[in-house]
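Here's the structure, in structure tokens; my notes come after.
All ligand and atom numbering here is 1-based and tracks the order in the structure. Predicted, not measured: the structure shown is a model, and the values here were computed from it. For reference, positions follow the sequence shown, starting with 1.
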Amino acid sequence: MSKHIVILAGDGIGPEIMAEATKVLAKVNQQFKLDLTWSNELLGGCAIDATGVPLPDQTLEAARKADAILLGAVGGPKWDTIERSIRPERGLLKIRSELKLFANLRPAILYPQLASASSLKPEIVAGLDILIVRELTGGIYFGQPRGIRTLENGERQGFNTDVYSESEIRRIAHVAFQLAMQRNKKVLSVDKANVLEVTELWKEIATEVGKEYPEVQLSHMYVDNCAMQLVRAPKQFDVIFTGNLFGDILSDEAAMLTGSIGMLPSASLDENKKGMYEPCHGSAPDIAGKGIANPLATILSVAMMLRYTFKQDAAANAIELAVGKVLDQGLRTVDIWTDGTQKVGTVAMGEAVVAAI
Ligand code: NAD
């Protein structure tokens with residue numbers, strides 16, 4: 001029976017990178033006889049323009065019915081000043097929480113061809129292969145109460161709540177340990193347990209769950225130290241397991257180790273491995289419409305989707321190998337370009353990957 005994917009191209013560079021990812025999807029669908037179908041829906045700023053809300057009911061309904069979701073990026077300056085509760089990013093947070101996509105997997109892998117594009121010395125990053133497992137539907141991004149209130153003295157005060165229940169920590173911990181079992185069997189749990197009680201509990205539960213995986217070596221690190229270690233000696237890490245806020249920041253930092261945020265895919269999974277797949281970067285309004293965005297993170301997100309949701313490892317490998325081949329050919333979008341390589345635009349990069357499959 002055919003499986004269905006809902007595509008949410010979104011805003012900014014979203015439609016540009018998604019056009020190339022869709023070409024790659026079409027190619028592997030035909031070559032590996034995957035029997036996948038797909039359709040487009042609105043999310044983010046484009047949805048606000050068309051319907052007044054960032055996550056229209058039709059989109060949510062289609063996403064619920066789909067077997068997987070492929071997302072470009074949402075947001076941009078055009079919608080930055082509208083009422084906070086209907087901003088594009090709220091649509092993204094809502095679809096993640098409505099679909100219970102609590103496990104965010106962000107690999108930071110350095111393609112050897114891009115070692116010189118990293119801001120760190122090649123010997124520090126060569127061979128880098130980290131997996132950040134970030135909790136995605138809890139913590140301070142969702143905690144109540146939240147808002148901006150006016151105090152009695154007339155001063156305004158912003159406030160958010162960082163909150164994690166034991167069961168939320170436990171289920172993401174299991175995901176981290178299970179993935180570590182398929183890798184180098186090392187989990188680093190990141191917290192700020194010296195000042196934040198919520199992460200003291202995080203550390204305690206991580207330790208408890210770790211006992212169920214005796215083969216996995218568990219260690220703990222404060223988030224500030226982890227941020228430092230990521231640029232000092234990133235190859236010490238295998239699986240980094242952390243909450244929503246710390247994971248957001250650390251994964252962008254890890255992204256830069258690999259040369260560009262334009263290279264990094266991600267998966268957000270529910271209990272049944274249904275997932276939403278998207279590049280780690282945003283809608284890059286500064287380069288939108290110029291045809292220069294790097295489509296590889298989105299293309300690699302297609303590979304993750306094929307691997308994790310559709311269990312099509314051969315097709316996923318074919319895409320990843322094709323990306324390696326185009327890098328070998330010396331093709332580079334502007335974000336990963338270095339002297340001696342050939343600068344290409346979004347479409348040329350996408351079509352080169354299709355040709356290399
Ligand atoms: P961003 O990731 O969009 O851009 C950061 C920098 O990286 C920019 O200089 C951009 O040009 C560059 N960049 C990003 N993706 C690239 C690519 N594929 N190829 C080449 N260069 C790339 O982050 P930002 O500027 O902080 O945010 C811009 C908008 O995106 C905001 O509205 C933000 O809310 C939104 N955003 C959305 C998501 C998402 O949809 N998941 C994630 C992060 C930010």
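- Both Ile124 and Leu257 are assigned to one and the same hydrophobic cluster, defined by single-linkage of ILVMFWY side chains at heavy-atom distances under 4.5 Å.
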Enumerate the pairs of nitrogen or oxygen atoms, one from ligand 1 and one from the protein, separated by less than 3.5 angstrom; state names and distance to 0.1 Å.
residue, atom, partner, partner atom, Å
ligand 1, 2 (O), Gly282, N, 2.7
ligand 1, 3 (O), Gly282, N, 3.4
ligand 1, 3 (O), Ser283, N, 3.2
ligand 1, 3 (O), Ala284, N, 2.8
ligand 1, 9 (O), Asp286, OD2, 2.9
ligand 1, 11 (O), Asp286, OD1, 2.8
ligand 1, 11 (O), Asp286, OD2, 3.0
ligand 1, 15 (N), His281, ND1, 3.3
ligand 1, 18 (N), His281, NE2, 3.1
ligand 1, 18 (N), Asn294, O, 3.0
ligand 1, 19 (N), Asn294, N, 2.9
ligand 1, 30 (O), Ser283, N, 3.1
ligand 1, 30 (O), Ser283, OG, 3.1
ligand 1, 32 (O), Gly76, N, 3.1
ligand 1, 32 (O), Glu89, OE2, 3.2
ligand 1, 34 (O), Glu89, OE2, 2.4
ligand 1, 40 (O), Val74, N, 2.8
ligand 1, 41 (N), Glu278, OE1, 3.2

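- Using the six-membered ring where Trp is involved, Phe177 and Phe241 have ring planes that are tilted, between 30° and 60° apart.
- In this structure, a donor-acceptor pair under 3.5 Å is present between the side chains of Asn317 and Arg307.
- Applying the salt bridge (charged side-chain N to carboxylate O under 4.0 Å, His left out) test to pairs two or more places apart or on separate chains, none has a residue in residues 138-157.
- Contacts of Met221 classified as side-chain contact (heavy atoms from CB on, under 4.5 Å), with partners at least two apart in sequence or in another chain: Leu188, Asn225, Cys226, Gln229, Gln236, Phe237.
- Partners of Thr338 by side-chain hydrogen bond (donor to acceptor under 3.5 Å, both in side chains), not counting sequence neighbours: none found.
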